[in-house]
Protein chains: 2
Amino acid sequence: MSKKSSETKQKILEAAKIAFSKKGYDGVSIDEIAQIANVRKSLIYYYFPSKEVLFEEVWVNSIDELENELFGSEEETENYYVKIKNFLRRYIDFLTSKKAISELIRREKTNVLDQDSWKNAKKRYENFLGKIEQMIIEGKKKKCVNDNVEPEVATEMIASVDSVPRKSLLKRVEQMLLKVLLKDNV
Amino acid sequence: MSKKSSETKQKILEAAKIAFSKKGYDGVSIDEIAQIANVRKSLIYYYFPSKEVLFEEVWVNSIDELENELFGSEEETENYYVKIKNFLRRYIDFLTSKKAISELIRREKTNVLDQDSWKNAKKRYENFLGKIEQMIIEGKKKKCVNDNVEPEVATEMIASVDSVPRKSLLKRVEQMLLKVLLKDNV
DNA sequence: GTAAAATTTGAACGAATGGTCAGTAAAAAA
DNA sequence: TTTTTTACTGACCATTCGTTCAAATTTTAC
């Protein structure tokens with residue numbers, strides 16, 4: 001794939017991301033995306049076989065970006081207090097800075113998990129949730145996370161934070177989550 | 001309007017409520033709603049001039065039902081500690097029992113507030129939020145709500161609770177909100 | 001410079017969508 | 001019973017939608 005080609009593809013992906021995040025999958029037409037990206041509609045079909053696949057690629061990229069910011073920096077510490085605290089801080093930073101992706105996830109995550117047609121998107125999102133769950137499980141093994149915390153429930157709790165408006169409230173929720181999750185030796 | 005007429009209209013509204021809550025406004029067609037309600041498509045247009053108006057009526061009814069459950073029972077007390085505590089308890093009860101309406105609001109509230117076309121729906125929802133805000137303002141006057149709480153922000157916080165999954169987590173969030181909002185003389 | 005490959009375009013298609021309307025059936029009024 | 005009003009139907013329309021494709025243009029390889 002040449003430079004120009006991947007540039008165009010990127011332009012389409014970016015336009016689709018913005019459109020889907022603002023209006024949702026069903027609220028956006030290929031024409032609309034083409035207009036935003038400033039390309040002809042048929043060109044979109046040169047790069048993507050269908051609207052569904054385009055959405056899935058946008059989704060997977062978005063989760064990649066989120067996951068990278070949350071788990072990417074190779075953590076030196078094995079201290080799960082620090083690990084989980086850092087994780088939540090990074091998550092909240094992401095939610096307040098990367099608005100388009102956050103809004104996209106908030107809007108479509110239910111559909112991604114329910115809908116059978118978006119298999120790749122679903123698999124990618126479940127994999128991401130699985131990493132959070134794994135972190136909680138490890139935290140329990142290391143005696144940092146409360147024994148009464150069910151990892152699956154804790155994961156749902158953490159993921160639901162993406163619907164919280166305003167940074168001030170997010171900070172409160174962060175504190176609440178830390179209190180609920182971690183054993184309280186300071 | 002005869003009995004049969006209002007029964008049919010109700011059947012359509014109910015079908016639309018379920019469909020919209022599951023798939024969102026853009027994800028649902030009039031044909032689909034007609035199928036669920038077991039009526040012909042054109043009959044829907046006998047009762048509603050457009051899909052938009054149908055949605056707005058579903059929305060307004062839903063907010064009515066919610067508001068009625070939260071503010072309806074004529075409270076005897078003027079104690080705003082009790083009032084706000086009861087309010088939050090009722091809200092959480094509603095979210096866990098009336099799933100369709102809760103999901104509808106969660107799905108579409110952003111669109112209702114943004115979109116200019118759904119004027120009635122927007123006005124109704126803003127009026128509902130206004131009542132919550134008013135309760136906070138009164139609570140401040142009565143020295144029950146913390147001085148540093150901004151009513152508008154508090155309202156957003158409370159409204160965002162509709163995105164919280166699981167009753168166990170909802171109970172936690174309820175406690176957090178009470179802690180943030182109310183002065184802590186037990 | 002020319003051939004081959006990759007990229008972009010515009011026109012078109014069938015299906016689905018929101019919406020209309022003339023007409024039929026049923027209920028209420030007379 | 002007849003008339004008038006109300007409730008319902010089916011056929012149809014215009015538009016938008018996702019999608020296809022042959023042809024044009026641009027880029028790359030030789």
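Each chain gets a letter, A, B and so on, in the order its sequence line appears, and its residues count up from 1. Atom set for the values below is all heavy atoms of this structure, side chains included, hydrogens, waters and symmetry mates excluded.
Distances shown here put a side-chain N or O of A:Tyr46 below 4.0 Å from the OP1 or OP2 atom of C:dT7. At D:dA7, none of the side-chain N or O atoms of B:Thr8 fall inside 4.0 Å of OP1 or OP2 (strictly under the cut-off).
Remark: A:Lys123 NZ is loosely packed, at most 12 non-hydrogen atoms of other residues, nucleotides or ligands lying under 6.0 Å away.
For the segment residues 19-31 of chain A, residues with any heavy atom less than 4.0 angstrom from an atom of DNA chain D are, sorted by number, A:Val28, A:Ser29, A:Ile30.
What separates CD of B:Glu32 from P of C:dA16 is a distance of 12 Å, to the nearest Å. Distance, A:Leu54 CG to D:dT19 C1': 13 Å, rounded to whole Å. In this structure, the CZ atom of B:Phe48 is 15 Å from the P atom of C:dT20, given to the nearest Å. As a whole-Å value, the separation of A:Lys11 NZ from C:dT8 C1' is 11 Å. Computed from coordinates, the A:Ile44 CD1 to C:dT9 C1' distance equals 13 Å when rounded to whole Å. In this structure, A:Glu7 places its CD atom 17 Å from P of D:dT26, rounding to the nearest Å.
Not one N or O on the side chain of A:Glu152 forms a donor-acceptor pair closer than 3.5 Å with the backbone of A:Glu133. For B:Lys140 (side chain) and B:Val145 (main-chain N/O), no donor-acceptor pair under 3.5 Å exists by modelled atom type.
For the salt bridge (charged side-chain N to carboxylate O under 4.0 Å, His left out) criterion with A:Glu32, the lone passing option out of A:Lys23, A:Lys22, A:Lys41 is A:Lys23.
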Distances under 3.5 Å only, N/O to N/O: pair up the protein atoms with those of nucleotides 10-13 of chain D.
residue : atom : partner : partner atom : Å
D:dG10  : N7   : B:Ser42 : OG           : 3.1
D:dG10  : O6   : B:Ser42 : OG           : 2.8

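Side-chain N/O atoms of A:Thr110 and B:Arg106 include a donor and acceptor closer than 3.5 Å. Checked by atom type, the side-chain pair A:Glu65/A:Asn68 shows no donor-acceptor distance below 3.5 Å.
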### Query
Hey, mind stepping through B:Arg107 and B:Glu103 against salt bridge (Lys or Arg N to Asp or Glu O under 4.0 Å) and telling me if it holds?
CA-CA 6 Å; B:Arg107 251 186 200 281; B:Glu103 175 68 8; 3.5 Å; yes
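Because its NZ or CZ atom is not both nearer than 6.0 Å to the ring centre of A:Phe128 and within 45° of the ring axis, A:Lys131 does not count as a cation-pi partner of that residue.
Checked against the 6.0 Å centroid criterion, the rings of B:Trp118 and B:Tyr25 qualify as a close aromatic pair.
Listed candidates were C:dG19, D:dT19, D:dC8. Nearest to the side chain of B:Tyr45 is C:dG19.
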